[in-house]
Student: 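This is the structure, below, for whatever I ask next.
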There are 2 protein chains.
Amino acid sequence: MHLRAYETKCMSLQHALLVSLAEQEATGYDLTRRFDRSLGFFWRATHQQIYRVLGRMAEDGLLAVRIEPGEGRPDRRVYAVTDLGREELLRWTREPTPSEQLRSEFAVKIRGMGFGDEDAVVADIRRRRAEHAEQLAYFEANRAKHYPDVEALTDEERPLYAVLRGGILTEQSLLAWCDEMLDLFGASDVPVADTPPTDIRHETTEAPEASRTSRRTA
Amino acid sequence: MHLRAYETKCMSLQHALLVSLAEQEATGYDLTRRFDRSLGFFWRATHQQIYRVLGRMAEDGLLAVRIEPGEGRPDRRVYAVTDLGREELLRWTREPTPSEQLRSEFAVKIRGMGFGDEDAVVADIRRRRAEHAEQLAYFEANRAKHYPDVEALTDEERPLYAVLRGGILTEQSLLAWCDEMLDLFGASDVPVADTPPTDIRHETTEAPEASRTSRRTA
DNA sequence: TAACCCATGTAAACGGTTACATGATTCG
DNA sequence: CGAATCATGTAACCGTTTACATGGGTTA
């Protein structure tokens with residue numbers, strides 16, 4: 001069978017889909033919702049993109065499609081990983097993952113703040129601090145709920161926990177950066193008002209939860 | 001004057017170029033090298049892309065071009081920010097910066113490791129740990145050299161320092177994540193060999209505290 | 001009855017990457 | 001003499017985003 005040229009390059013949505021479908025077969029619609037939730041924090045994708053890539057993967061034999069006729073609504077096209085797909089998954093885990101270069105418009109703006117409205121940039125830092133605090137609280141609540149005891153993790157849970165910890169560490173780091181900058185630019189005296197102490201750690205069982213639409217991590 | 005549709009959208013390379021040119025006028029070639037260096041860790045761009053965007057920005061009146069004839073080699077096209085460009089820069093600093101969704105193939109791979117070669121993934125974690133340690137050491141050396149005293153920073157230096165700290169915190173966080181995962185997946189007994197304790201910290205000569213990224217509380 | 005969910009798609013535009021091309025100068 | 005530097009570009013491709021489209025079922 002032929003290999004498309006781009007299969008050798010990044011093409012990561014494909015692998016994200018393979019992982020998600022290896023966990024559980026699904027339709028494009030299902031996957032879209034999964035990407036809106038747990039997986040979505042680390043890899044976002046729109047339904048248009050997902051449908052297109054699913055189609056290509058099926059063509060390439062990585063996925064098998066089963067069509068469930070729907071009355072009135074369009075047929076459900078349920079995708080499952082084939083043997084070839086599993087081989088590709090195995091191959092992929094064996095190759096080194098290139099370090100993604102971080103690309104931060106925020107950092108560029110900080111760097112350029114001297115040429116613009118400094119007060120506005122400081123306000124933006126404060127706004128983002130609140131965002132990161134909220135996201136962190138959400139992750140932490142998730143962790144406390146699903147993985148209360150690190151020692152008791154099963155083999156299946158461990159990778160999910162690891163990824164969640166990645167999110168937590170990332171948010172903690174961004175939050176700490178914002179705090180440091182607010183201190184540096186002399187704006188720490190303005191009350192932040194909305195979020196409790198920055199560093200929510202492990203055993204804490206309180207966790208606000210609050211304004212979150214999506215929950216759960218499958 | 002007309003506005004292109006995409007000026008209202010992200011279009012961030014444009015702003016990165018505005019910032020860089022506001023600091024110092026330059027040719028496309030100069031900018032390419034700048035993006036390979038300091039600025040490049042937070043925003044990478046190839047020369048092709050830079051030339052294209054520079055051309056468009058000049059068309060739109062954000063930049064002025066001065067042509068210095070070169071003998072033999074192509075003319076130097078030196079770009080400088082116009083008043084309109086400075087206005088755009090000001091406008092940009094006043095609008096909130098959308099949180100960039102992080103997109104990590106690495107996280108996806110961790111999540112899917114159960115369907116692939118787990119040992120290979122653990123090896124990959126170890127490899128990336130070393131990369132982050134190296135990058136962190138580089139940043140930290142940079143900081144020690146250029147900004148040895150936080151209290152003594154000038155107004156011009158402060159944003160540059162802030163951005164560098166962002167890089168340091170990011171790398172510390174990724175490094176801590178790798179360490180945590182190596183511990184979690186029971187591979188910490190394999191010697192890492194190359195880098196000293198995770199947490200290189202600022203002036204603080206206090207206790208190391210080991211793999212922890214953020215401190216502080218508002 | 002209005003809004004949202006299910007479920008699929010097409011089309012166009014844009015941003016970014018890679019490959020290819022040119023040609024003089026300087027340095028080891 | 002070969003490699004790297006200076007300095008600019010074209011062309012093609014790919015991934016991603018946004019807008020638009022369809023149409024029945026469920027719920028407030």
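Per chain, numbering begins at 1; letters A, B, ... match sequence-line order.
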Student: So, OP1 or OP2 of C/dG9: does either fall under 4.0 Å of a side-chain N or O from A/Y51?
Tutor: no

Student: Using only atom types and a distance under 3.5 Å, with no angle test, would you say the side chain of B/T27 pairs donor to acceptor with the backbone of B/V78?
Tutor: no

Student: Under 4.0 Å between a side-chain N/O of A/Q48 and OP1 or OP2 of D/dT17, yes or no?
Tutor: no

Student: Looking across every strand, which nucleic acid part, if any, lies under 4.0 Å from A/R33 by heavy atom: base, sugar-phosphate, or nothing?
Tutor: sugar-phosphate

Student: Is there a donor-acceptor pair under 3.5 Å between the side chain of B/T32 and the backbone N or O of B/G28?
Tutor: yes

Student: Tell me every residue that passes side chain to side chain contact (heavy atoms under 4.5 Å, CB included) with A/H132, counting only those two or more places apart in sequence or in another chain.
Tutor: A/R128, A/E171, A/L174, A/L175, A/C178, B/S99

Student: Compare the minimum distances between each of D/dT17, D/dT16, D/dG9 and the side chain of A/T46, then state the nucleotide with the smallest one.
Tutor: D/dT17

Student: Output yes when at least one side-chain N/O atom of B/T27 is less than 4.0 Å from OP1 or OP2 of D/dT8, else no.
Tutor: yes

Student: How bent is the helix from C/dT1-D/dA28 to C/dG28-D/dC1, comparing axes over its five end pairs at each side, to the nearest 10°?
Tutor: 40°

Student: Is a side-chain N or O of A/W177 found less than 3.5 angstrom from the main chain of B/G167, in a donor-acceptor match?
Tutor: no

Student: When the distance from CD1 of A/I50 to P of C/dT10 is rounded to whole Å, what number comes out?
Tutor: 15 Å

Student: Just how far, in rounded Å, is C1' of C/dG9 from CZ of A/R52?
Tutor: 11 Å

Student: Can you measure A/L17 atom CG to D/dT16 atom P for me and round it to whole angstrom units?
Tutor: 10 Å

Student: Look at the side chain of B/Q49 and decide which nucleotide, out of C/dA7, C/dT17, D/dT16, has an atom nearest to it.
Tutor: C/dT17

Student: Please name all residues satisfying side chain to side chain contact (heavy atoms under 4.5 Å, CB included) with A/E87, sequence neighbours left out, ordered by chain then number.
Tutor: A/L84

Student: Would you say A/R56 places a side-chain N or O within less than 4.0 Å of OP1 or OP2 belonging to D/dG15?
Tutor: yes

Student: Of the nucleotides C/dT8, D/dT16, C/dG16, which one has an atom closest to the side chain of A/Y29?
Tutor: C/dT8

Student: Tell me: NE2 of A/H47 to C1' of C/dG9, nearest whole Å?
Tutor: 8 Å

Student: Can you check the B/R34 CZ to D/dA7 C1' distance for me, whole Å?
Tutor: 15 Å

Student: Nearest whole angstrom, please: distance from the P of C/dG15 to the CG of B/L54.
Tutor: 14 Å

Student: Name the nucleic acid region contacted by A/R103, choosing base, sugar-phosphate or nothing; use a 4.0 angstrom heavy-atom cut-off, strictly under.
Tutor: sugar-phosphate

Student: Taking A/S20 for the side chain and A/A16 for the main chain, is one N or O donor matched with an acceptor at less than 3.5 Å?
Tutor: no

Student: How long is the line joining CG of B/L31 and P of D/dA7, in whole Å?
Tutor: 12 Å

Student: Report which part of the nucleic acid A/E68 touches: base, sugar-phosphate, or nothing (heavy-atom distance under 4.0 Å, all strands).
Tutor: nothing

Student: Rounded to whole angstrom units, what separation is found between the CG atom of B/D75 and the C1' atom of D/dC6?
Tutor: 13 Å

Student: Students often get this wrong, so: under 4.0 angstrom with heavy atoms, is B/R77 touching a base, only sugar-phosphate, or nothing?
Tutor: sugar-phosphate

Student: With A/E25 as reference, evaluate A/R34, A/R77, A/R66 under the salt bridge (charged side-chain N to carboxylate O under 4.0 Å, His left out) test and give the passing residue.
Tutor: A/R66

Student: Among B/Y147, B/F41, B/Y161, which residue satisfies the ring-ring contact (aromatic ring centres under 6.0 Å, His included) criterion with B/F139?
Tutor: B/F41

